[in-house]
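Here the structure comes first, spelled out in structure tokens, and everything after it is commentary.
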Amino acid sequence: MSTWSDWRAVSPSIRCPEFVLGELVDGGQAFRWNAFEGGYRGVWGNCVAEVRCVDGVVEWRAPELIEERVGKAIAGYVGADETFAPIWDALPHRSDPALRKPMDQWPGLRIMRQPFGETVLCFMCSSMKQIPSIKLICETLATRFGREIIPGIHALPDWAALHHVSETELRAAGLGYRARHIHAASHFLAGQPGWLDVVEQLPYEQAKEQLMHLPGVGAKIADCALLFGAGKLEAFPVDTWIKRIMGDAYGLADWKIEQVAHFGRVHFGEYAGLAQQFLFSSARKK
DNA sequence: ATCCAGGTATGCA
DNA sequence: TGCATACCTGGA
């Protein structure tokens, strides 16, 4: 058990109720956070941190060994470097009660900015899985193939590390058919050093087109990776939940996934991805 | 036990 | 283009 730093505010710009903080880090954007003694403990990149809310102020602390590193990363990671006030305001909440309702329900909810490579990985694990299963797989991948950050807590393996893991070992980690895709993707990425860094910097449309060349990455997973791991707020991932929710709310009952995605991008505009997150959260009770 | 789940790739009309 | 089907496996 390591010694933890003192609690400090993440940034003046990030304030929200406690249950919204939980929704932010453990509501399906990221998969390595868990409730822990009045706050949440999570892992990303080579960082480990706990976060909590005190009178609406989001605070963090980290193991002292890595405090400096985490301190430099935490604000960017939870989306506190992005100014969300004008972004919330730009969403069509005045004219759209179906959006207004979850925006009132989850005040302060934002989009995280996670390491791109591991966001791609986590969402490649997510197809046809429920969140608890995805979290379990990510944990197993980290434990078996990732570097130990502090005693007992492991980072996710990066793509270079994954390249040295056999498909059989990946299957044994609970990945099922996703193992073949992840293995093939790691092979592709090993032959293209820096490819992910370039894609991350591309404009949304181009980045998505490139990302979908990776085996196991279709439109939905590409959109999730770009929204949660590359700051592309116009990305609008449509999964079965969003399809269902929007089917009910906007009378799109038997529209195809791609049609719903198009509707969302047009209706919600340049920050459609944030609207998507509110709608996704609305499926859940607070 | 049997069914389905935060999709994607592939094979036919 | 457009739809149907297989794909792994754990949890309800």
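So that the names make sense, note that chain A is the first sequence line, chain B the second, and so on, each numbered from 1.
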Protein-nucleotide distance (A:Ile182, atom CD1; B:dG7, atom P), rounded to Å: 15 Å

Interatomic distance, A:Lys220 NZ vs B:dT8 C1' [rounded to whole Å]: 12 Å

Heavy-atom check, side chain of A:Leu189 versus side chain of A:His163, under 4.5 Å: no

Base C:dC7 to side chain A:Arg178, donor-acceptor N/O within 3.5 Å cut-off: no

First of A:His181 and A:Cys224 reached from the 5' end of DNA chain B, by closest nucleotide: A:Cys224

5'-most by nearest nucleotide on DNA chain C - A:Leu136 or A:Gly176: A:Gly176

Atom-to-atom span, CD1 of A:Ile134 to C1' of C:dG10 - whole angstrom: 13 Å

A:Lys129 side chain, from C-beta outward: closest of B:dA9, C:dC7, C:dG10: C:dG10

Residue whose nearest DNA chain B nucleotide is more 5′ - A:Val217 or A:Phe228: A:Phe228

Between P of C:dT9 and CD1 of A:Ile137, the distance in whole Å: 10 Å

CD on A:Gln277 to CE on A:Met103, rounded to 0.5 Å: 12.5 Å

A:Met128 CE to B:dC3 C1', straight-line distance once rounded to whole Å: 11 Å

Contact letters for nucleotides 1-6 of chain C, in which S counts primed atoms plus P, OP1 and OP2 and B counts the base, heavy atoms under 4.0 Å: --S---

Sugar-phosphate, base or nothing in reach of A:Glu167, heavy atoms under 4.0 Å: nothing

Protein-nucleotide distance (A:Arg180, atom CZ; B:dA9, atom P), rounded to Å: 9 Å

Interatomic distance at P, C:dC8 relative to B:dG11, whole Å: 15 Å

Main-chain N/O of A:Ala75 paired with A:Ser11 side-chain donor or acceptor, under 3.5 Å: no

Rounded distance (Å) that lies between atom P of B:dA5 and atom CD1 of A:Ile257: 12 Å

Sugar-phosphate, base or nothing in reach of A:Ile242, heavy atoms under 4.0 Å: nothing

Sugar-phosphate, base or nothing in reach of A:Pro132, heavy atoms under 4.0 Å: nothing

Proximity to the side chain of A:Ile221 - top-ranked nucleotide from C:dC7, B:dA5, B:dT8: B:dT8

Touch class at under 4.0 angstrom, heavy-atom based, for A:Leu170 against every strand present: nothing

A:Phe228 ring center near A:Phe123 ring center (under 6.0 Å): yes

Ring centroid separation A:His213 to A:Phe188 under 6.0 Å: no

Side chain of A:Gln130 - closest among B:dG7, B:dA5, C:dC8: B:dA5

Plane angle bin for A:Phe263 and A:Trp255 - parallel if under 30°, tilted between 30 and 60°, otherwise perpendicular: perpendicular

Side-chain (A:Gln29) to main-chain (A:Arg110) donor-acceptor, under 3.5 angstrom: yes

Dot-bracket notation for DNA chain B, counting Watson-Crick and G-U pairs under 3.5 Å, with | for partners on another strand: .||||.|||||||

Side chain to side chain, A:Leu99 and A:Pro92, heavy atoms closer than 4.5 Å: yes

Aromatic ring proximity A:Trp88/A:Tyr271, centre distance under 6.0 Å: no

Selection residues 220-240 of chain A - residue pairs positive for salt bridge (charged side-chain N to carboxylate O under 4.0 Å, His left out), sequence neighbours left out: A:Lys208-A:Asp223

Sugar-phosphate only, base, or nothing, as touched by A:Ala219 at under 4.0 Å among non-hydrogen atoms: sugar-phosphate

Note, A:Tyr40 side chain near A:Asn34 side chain (heavy atom, < 4.5 Å): no

Under 4.0 angstrom between A:Thr240 side-chain N/O and B:dG7 OP1 or OP2: yes

Protein-nucleotide distance (A:Lys135, atom NZ; C:dG11, atom C1'), rounded to Å: 16 Å

Sugar-phosphate only, base, or nothing, as touched by A:Gln276 at under 4.0 Å among non-hydrogen atoms: base

